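Counting starts at 1 for both ligands and their atoms, in listed order. Please read these numbers as outputs of a predicted model, since none were measured by experiment.
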Amino acid sequence: MITCKGKSELLKMERAARIVQETLSECIAACRVGVTTEEIDRVAASGIASRGGKAAFPGYRGYPKTICISLNDEVVHGIPSSKRVLKAGDLVGLDLGAVVEGYFADAARTVALEPVAEPVRELVETTHAALLAGIGAVVVGGRIGDVGAAVEAVAKARKYGVVREFVGHGIGTALHEEPQVPNYGPPGKREIIREGMTLAIEPMFNLGAAGVTTDADGWTVRTKDGRASAHFEHTVVATAQGPVVLGFGRFSAGSAQTGAPGFHEYPLPVAV
Ligand code: MF3
Ligand code: CO
């Protein structure tokens, strides 16, 4: 069942998403050579708690930490560890979820530590561009397949591998709700997008082939060919005025403020 959310529910999701975005910014500011991913997990936990939210990931299917941090060839679901020390040139994917009054938000960004190899910089910028393209297809009356097709088209232009085993998803009173939102087409297929549908759109692009494998820890997903992977995610609501990205004050008690989906909601630090 796909649930469409009303104003009071969306306002809770907006608050959860705001907490996620502000905390992600703090986590990115903490990404420096010599810092452990465990330390960034602590930044994430205190960032969410100090803003009055609850972390969404701890205990989710037994997940042991607050944030997922996926380095280099890791695609998603990397587990923070005191043994993982950030080094120059690392690609760092940060994925975070929060809950406010039972309503969830989920978002991810990828940054790289200088010196960043040029193909990696392009991968990061293109994956973010694909997120915005997918968001632009969150149009009432359109189809979920249109979102995937928009994302996939951006990858194809660069011959990136598009991860197929993991997909975006509905979100609301659970972290993962129906429908699934693949990062590939065809357009015009799958569910009709209706007003109030809330979707986590999350392209995962690989510099090489699309294939991924999961580590023995049961969580860490990495590329089979060992090449780099990038991931961006937003929690988005379909409104009569167009797509609204939650967490940036664009959804307020007054109305949904929309604009071109190509806006930069936050300074995008491809490299830090
Ligand atoms: N954003 C991730 C997803 O939608 C959440 C990771 S699940 C957790 O799949 F187990 F890490 F919490
Ligand atoms: Co997600």
Atom [atom1] in [X], atom [atom2] in [Y]: separation rounded to 0.5 Å?
{"X": "Leu199", "Y": "Ile135", "atom1": "CG", "atom2": "CD1", "value": "10.5 Å"}
{"X": "Tyr103", "Y": "Lys5", "atom1": "OH", "atom2": "NZ", "value": "7.5 Å"}
{"X": "Ser252", "Y": "Leu10", "atom1": "OG", "atom2": "CG", "value": "11.5 Å"}

(Q) For Lys7, I'd like to know if atom NZ has over 12 heavy atoms of other residues, nucleotides or ligands within 6.0 Å. (A) yes
Q) Got more than 12 heavy atoms from elsewhere within 6.0 Å of CD, Glu191? A) yes
**Q.** Under-4.0 Å heavy-atom contact with ligand 1, by part of Arg61 that carries it
**A.** neither
Q) Between Glu38 and Lys83, is there a salt bridge with N-O shorter than 4.0 Å? A) no
Give the atoms of ligand 1, by number and element, whose distance to some non-hydrogen atom of [X] is under 4.0 Å.
{"X": "His176", "answer": "3 (C), 4 (O), 9 (O)"}
{"X": "Asp106", "answer": "1 (N), 2 (C), 3 (C), 4 (O)"}
{"X": "Cys68", "answer": "11 (F)"}

Q: Could you tell me whether the Co ion (ligand 2) has an N, O or S atom of Asp95 under 2.8 Å away?
A: no
Q. Does His176 bring an N, O or S atom to within less than 2.8 Å of the Co ion (ligand 2)?
A. no
Close approach of [X] to ligand 1, heavy atoms, under 4.0 angstrom:
{"X": "Lys65", "value": "no"}
{"X": "His77", "value": "yes"}
{"X": "Ala200", "value": "no"}

Q | Nearest-contact summary for atom 7 (S) of ligand 1 - protein heavy atom, Å | A | Tyr60 CD2, 3.9 Å
Q: Could you check atom 2 (C) of ligand 1 against the protein and tell me its nearest heavy-atom contact, residue, atom and distance included?
A: Asp95 OD2, 3.2 Å
Q: For Val167 and Glu202, work out which heavy atoms get closest and say how close.
A: O-OE2, 3.6 Å
Tell me which N, O or S atom from [X] is the closest to the Co ion (ligand 2).
{"X": "Asp106", "value": "OD2"}
{"X": "His169", "value": "NE2"}
{"X": "Glu233", "value": "OE2"}
{"X": "Glu202", "value": "OE2"}

Q: Indicate yes or no: does an N/O atom of His169 lie under 3.5 Å from an N/O atom of ligand 1?
A: yes
Q | Distance-only N or O hit between ligand 1 and Tyr63, under 3.5 Å | A | no
Would you confirm whether the ring centroid of [Y] sits within less than 6.0 angstrom of the ring centroid of [X]?
{"X": "Tyr63", "Y": "His77", "answer": "no"}
{"X": "Tyr60", "Y": "His176", "answer": "yes"}
{"X": "Phe248", "Y": "His234", "answer": "yes"}

**Q.** Candidate with minimal heavy-atom separation from atom 12 (F) of ligand 1, of Phe104, Phe57, Phe166, Trp219
**A.** Phe57
Q) Do Ser25 and Arg109 pass the side-chain hydrogen bond (donor to acceptor under 3.5 Å, both in side chains) test, and can you show the C-alpha distance, the side-chain angles, and the key distance before you say yes or no? A) CA-CA 9 Å; Ser25 293; Arg109 302 182 205 167; 3.2 Å; yes
